[in-house]
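Working notes for the structure below.
The chains referred to below are lettered A, B, ... by the order of the sequence lines, with proteins before strands, and numbering in each begins at 1.
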Amino acid sequence: MKPFLKIFFASLIFSQLTVAQEVSKLTLPSSPAFSILNFEPSAVMRPTNAKSLSTDVLSSFDKDGKLKMDLGLETSPYWLGAHPNLKMNTYLNPKTGQTILQSFRLSAATVKDTISGKNKFGLGFRFKLYNGKPVINENTAINTRNLKIRSTINSIINGFASTVEPGTTREEVFDKIEEALKKKEISQPAIDELKKMGNKILNDFPEVDSNVSEFLNRLVETSVDQYKDLQTEVSKRLYDRKGLIVEFAGATGYNSDDSKFERFGFWGNASHFVSPDDFFTLTARYMHQNNDTSLTNVDIGLGFMKKSTSYNVSIEGMFRWYRAAIPDLNSGGQPITRLDKDFTYRLAVQGTYVVSKDISVNLSVGKDFNSPFISSSGVFSILGLSYNLFSKLPPQLPSK
Amino acid sequence: MAVKHIDLGDKYIPKTSNKDIIVEVEIGDAGDEVGAYSIFLGTEFIEANAPANIGKKADVVDKKTTISVTIPDVLEETNWTSMTVFVKEGSGAPTQFGPYRFELENHLDTAIYTLKLSHK
């Protein structure tokens with residue numbers, strides 16, 4: 001039997017597949033409010049401006065003024081409006097206050113507990129204190145400069161489209177555009193490329209001297225479309241950071257039927273990105289839940305992750321101190337509260353290998369936390385296969 | 001990757017007859033390193049991505065100044081774009097037009113602002 005198959009069957013036999021196993025325990029929840037309720041709403045509102053925020057908030061109540069259940073809301077207050085004074089340099093190299101503003105996100109969720117039938121409400125936040133430094137290499141600089149050149153060309157063409165006088169021929173206006181581009185030291189190959197693009201769309205404008213403005217507008221649209229990959233690349237590279245990134249999150253869960261805060265949690269994470277694809281991460285979190293059983297845990301964990309286009313590997317260890325107060329009966333049948341305090345840990349090694357454009361293999365091996373409620377060894381190994389049936393993109397490597 | 005045109009109009013009456021009129025544009029929402037602008041007087045291209053001297057009062061009064069600004073959205077956090085135009089004569093305080101703001105429908109769309117300033 002081939003080694004791969006041996007591993008596969010061994011994993012099937014010995015693996016302890018636990019649904020609750022998360023890909024990683026060392027990350028901050030992307031939506032703390034959802035995380036604290038252990039619930040992913042079916043409808044999540046993500047308003048991007050003040051008007052849509054107010055509409056979303058209003059639509060969250062029914063005709064009797066009661067909050068609807070099974071809803072989620074995520075928003076970044078800073079980005080609800082325009083910032084005419086925000087420069088790219090400030091955005092990429094923000095000071096602490098600006099980093100908090102740019103990264104601050106609020107999340108909220110409502111859910112009806114399927115077991116108890118009680119209505120629950122979660123509220124959370126997340127922000128960065130430091131966001132490392134942008135990775136600006138030669139390619140990034142060239143791509144940004146090229147996108148600016150495209151924007152310059154398009155603004156000049158649009159300017160001529162807006163000012164062209166009736167009776168002006170396409171040749172005349174194109175000569176003027178060429179003159180303007182040369183004045184701004186746009187390279188001859190870029191000008192030639194533009195001419196080629198113009199010739200391609202000429203067929204849509206058969207009358208020689210008419211529709212010059214429309215022709216130029218179409219030229220701008222074609223030019224924008226032609227350079228969408230460049231724009232996408234520039235956008236993606238804005239999020240490559242290295243250095244120290246420090247992030248915090250917090251959330252609370254409220255039981256509106258019992259009028260009590262049932263859960264709250266705080267997360268802190270410091271990651272050092274050696275490069276955008278290799279980083280060390282340190283996470284601390286405090287979680288408390290106060291239902292029939294009260295459980296408090298403090299976790300501290302350390303991890304390392306390396307990504308490449310074909311694989312990723314992560315190693316993580318997390319230590320947990322917990323205290324559980326569990327209602328119980330003593331030998332005389334009288335109700336008592338049993339206190340359970342202990343220390344436990346989790347160790348995990350995870351890897352993903354992209355086999356082909358549509359297939360990736362994922363393997364997780366390790367030991368999970370011991371639980372005061374379930375007695376088990378906690379050892380797990382999970383072998384999985386991801387297959388993209390319809391996506392044009394290659395399978396995604398799991399994040400962190 | 002849609003292109004959205006935002007057409008604007010306003011008026012700037014020159015305050016002096018012997019001083020150069022300078023037009024400048026500021027692009028906001030972190031679009032300054034990828035966005036660009038160009039300035040026209042009448043049908044004549046004057047300048048791009050730099051302050052434009054459009055001449056004195058007599059040169060501009062019968063014409064329109066056109067400011068064309070192209071801003072491709074690159075930030076994932078927001079689709080807002082914005083630009084502000086400043087017109088200055090001599091050492092006087094600049095006259096500000098805007099900031100004009102527009103939220104694009106989708107990430108990676110492009111906003112094209114066209115502001116026409118008449119001078120009488």
Counting heavy atoms not belonging to A:Phe104, are there more than 12 under 6.0 Å from its CZ?
yes
Main-chain N/O of A:Asn85 paired with B:Glu26 side-chain donor or acceptor, under 3.5 Å:
no
Under 4.5 Å to a heavy atom of chain A? For B:Tyr113 that would be backbone
With a 4.5 Å cut-off on heavy-atom pairs, point out which of B:Gly31, B:Ala50, B:Ala48 contacts chain A the most.
B:Ala48
Who among A:Gln102, A:His83, A:Glu221 has the most heavy-atom pairs with chain B under 4.5 Å?
A:His83
Interface check, chain A: of B:Gly98, B:Ala2, B:Gly35, most non-hydrogen pairs under 4.5 Å belong to B:Gly35
Tell me the closest heavy-atom pair linking B:Ala36 and A:Ser155, and the distance in Å.
O-CB, 3.9 Å
With a 4.5 angstrom heavy-atom cut-off, is it the side chain or the backbone of B:Val34 that approaches chain A, or both, or neither?
both
Could you tell me which non-hydrogen atom of B:Ser82 sits nearest to which non-hydrogen atom of A:Pro84, and how far apart they are?
OG-CA, 3.2 Å
Around atom CD of A:Glu179, are there more than 12 heavy atoms of other residues, nucleotides or ligands at under 6.0 Å?
no
Between A:Ile156 and B:Phe40, what is the shortest heavy-atom contact and its length?
O-CZ, 3.5 Å
Regarding B:His107 and A:Ser235, do their side chains bring together a donor and an acceptor under 3.5 Å, going by distance alone?
yes
Proximity breakdown for A:Ile149 and chain B, heavy-atom pairs closer than 4.5 Å:
neither
Chain B contact via A:Ser103 - which portion, at a heavy-atom distance below 4.5 Å:
neither
Between B:Lys116 and A:Ser162 the two heavy atoms that sit nearest each other are NZ-O, 2.8 Å
Please give me the minimum heavy-atom distance between A:Met88 and B:Ala30, naming the atom from each residue.
CE-O, 3.1 Å
The interface call for B:Ile27 against chain A, heavy-atom contacts under 4.5 Å, is backbone
With respect to chain A, which residue among B:His5, B:Met83, B:Glu76 yields the maximal number of heavy-atom pairs within a distance under 4.5 Å?
B:Glu76
Identify which part of A:Leu147 has an atom lying under 4.5 Å from any heavy atom of chain B, answering side chain, backbone, both or neither.
both
Carefully, step by step, assess A:Thr168 and B:Thr43 under the rule side chain to side chain contact (heavy atoms under 4.5 Å, CB included).
CA-CA 11 Å; A:Thr168 310; B:Thr43 59; over 6 Å; no
Check the side chains of B:Thr70 and A:Asn158 for a donor-acceptor pair under 3.5 angstrom, ignoring hydrogens and angles.
no
Would you please say whether a donor-acceptor pair under 3.5 Å links the side chains of B:Glu33 and A:Tyr91?
no
Around atom NZ of B:Lys64, are there more than 12 heavy atoms from other residues, nucleotides or ligands closer than 6.0 Å?
no
Honestly, the part of A:Lys87 sitting under 4.5 Å from a heavy atom of chain B is both
If one checks every heavy atom of A:Lys176 against chain B at 4.5 Å, the contacting part turns out to be side chain
Let me know if B:Ile71 has heavy atoms under 4.5 Å from chain A in its side chain, its backbone, both or neither.
neither
Check this for me: A:Lys200, atom NZ, are more than 12 non-hydrogen atoms of other residues, nucleotides or ligands nearer than 6.0 Å?
no
Within the side chain of B:Thr66, is there an N or O that forms a donor-acceptor pair under 3.5 Å with the backbone of A:Gly159?
no
Answer whether the closest heavy-atom distance between the side chains of A:Thr48 and B:Thr78 falls below 4.5 Å.
no
Scanning both residues in full, the closest heavy-atom pair of A:Asn49 with B:Glu103 reads ND2-OE1, 2.6 Å
Within the 4.5 Å heavy-atom criterion, are A:Trp79 and B:Trp80 side-chain neighbours or not?
no
Side chain / backbone / both / neither for A:Thr152 at chain B, heavy atoms under 4.5 Å
both
Given a strict heavy-atom distance threshold of 4.5 Å, which part of A:Tyr227 is in contact with chain B: side chain, backbone, both, or neither?
neither
Side chain, backbone, both or neither of A:Asn217 within contact of chain B (heavy atoms, under 4.5 Å)
side chain
Start with the C-alpha distance between B:Glu47 and A:Lys184, add both sets of side-chain angles, then the distance that settles salt bridge (Lys or Arg N to Asp or Glu O under 4.0 Å), and finish with yes or no.
CA-CA 8 Å; B:Glu47 187 54 278; A:Lys184 289 312 296 180; 2.8 Å; yes
Taking atom NZ as the centre, does A:Lys51 end up with more than 12 heavy-atom neighbours from other residues, nucleotides or ligands that are less than 6.0 angstrom away?
no
